[in-house]
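If you read the sequence from its start, that first residue is 1, and numbering goes on from there.
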Amino acid sequence: MSTYRMDDGTVVKTENAVQSWEGRRKWDGHNQQDIHAAKHGWETLHKSRKGRYWIERGSAWQGDNGDARWIDKREAAAWLILNEDELPKDLAALESEVSE
């Protein structure tokens, strides 16, 4: 469980998310890598109690405390499609807009 201060001053807590999706991992020939993050990193998409989406990022590097940022619904839909997850109802209408 982590807590972050967003750019707009809002404080988010991972344990308060109503839904979360971990980034899909793919074998790169040496390690399992998160398809969304840089080498040795990971991302998790969260949906807040107010229906806003945010990305939590971290890495395996010592001293990296991670970070988080708000994203819009369009970016959340694209993230979920790339992750091969089903879109929640509030994002379903965006599927044809963000994928071809």
Side-chain angles (χ1 to χ4, degrees):
M1 294 184 263
S2 299
T3 303
Y4 300 97
R5 180 178 302 277
M6 307 302 263
D7 286 343
D8 65 359
T10 305
V11 175
V12 294
K13 296 181 178 184
T14 56
E15 65 264 26
N16 290 343
V18 295
Q19 199 163 4
S20 298
W21 299 265
E22 290 187 15
R24 186 169 54 91
R25 294 180 140 337
K26 183 171 92 175
W27 181 253
D28 72 354
H30 302 285
N31 299 294
Q32 289 288 336
Q33 299 291 323
D34 187 306
I35 64 167
H36 303 284
K39 194 170 187 175
H40 304 296
W42 55 268
E43 285 189 1
T44 302
L45 175 66
H46 301 279
K47 183 177 180 180
S48 76
R49 294 181 290 194
K50 294 181 179 180
R52 295 171 72 186
Y53 289 88
W54 56 284
I55 297 259
E56 175 187 19
R57 291 185 181 175
S59 77
W61 295 104
Q62 184 175 356
D64 180 2
N65 295 325
D67 62 44
R69 67 179 176 89
W70 293 118
I71 61 171
D72 62 27
K73 288 185 175 190
R74 190 174 191 282
E75 188 176 352
W79 192 99
L80 287 166
I81 290 169
L82 179 62
N83 209 54
E84 299 179 353
D85 283 307
E86 187 174 327
L87 295 179
K89 289 180 183 180
D90 65 325
L91 300 180
L94 296 169
E95 184 170 10
S96 62
E97 187 179 317
V98 300
S99 66
E100 290 190 31

### Query
When you look at CG of Asp7, are more than 12 heavy atoms from neighbouring residues, nucleotides or ligands closer to it than 6.0 Å?
no
### Task
Please answer: with hydrophobic residues joined when any side-chain heavy atoms are less than 4.5 Å apart, are Trp79 and Ile81 in the same cluster?
yes
### Query
Between Ile55 and Arg57, which heavy-atom pair has the shortest distance, and what is it?
CG2-CG, 3.8 Å
### Message
Using 0.5 Å steps for rounding, measure from the CE atom of Met1 to the CG atom of Asn16.
### Response
10.0 Å
#### Entry: Nearest heavy atoms of Ala17 and His46, plus distance in Å
CB-ND1, 3.8 Å
### Query
Do side-chain atoms of Thr44 reach the backbone of Glu56 as a donor and acceptor pair under 3.5 angstrom?
no
### Message
Between Tyr53 and Asp90, is there a side-chain heavy-atom distance shorter than 4.5 Å?
### Response
yes
### Task
Would you name the heavy atoms of Gly66 and Tyr4 that are closest together and state the gap between them?
C-CE2, 3.9 Å
#### Entry: Which residues share a ring pair (Phe, Tyr, Trp, His ring centres under 6.0 Å) with Trp21, sequence neighbours left out
none
### Nearest non-hydrogen partners of Asn83 and Glu22, listed with the distance
ND2-O, 3.1 Å
#### Entry: Shortest non-hydrogen separation from Leu91 to Ala76 and the atoms involved
CD1-CB, 4.0 Å
### Message
I'd like to check the salt bridge (charged side-chain N to carboxylate O under 4.0 Å, His left out) partners of Arg52; sequence neighbours left out, ordered by chain and number.
### Response
Asp8
### Message
Taking atom CD as the centre, does Glu86 end up with more than 12 heavy-atom neighbours from other residues, nucleotides or ligands that are less than 6.0 angstrom away?
### Response
no
### Query
Within a radius of less than 6.0 Å around CZ of Arg5, do more than 12 heavy atoms belonging to other residues, nucleotides or ligands occur?
no
Going by atom type alone, with no hydrogens or angles, which donor-acceptor pairs under 3.5 Å involve a side-chain atom of residues 92-100 and a protein atom two or more places apart or on another chain?
unit_1 : atom_1 : unit_2 : atom_2 : d
Glu97  : OE2    : Arg74  : NE     : 2.9
Ser99  : OG     : Glu95  : O      : 2.8

### Message
Within this structure, what is the OG-CD distance for the pair Ser20 and Glu15, rounded to the nearest 0.5 Å?
### Response
10.5 Å
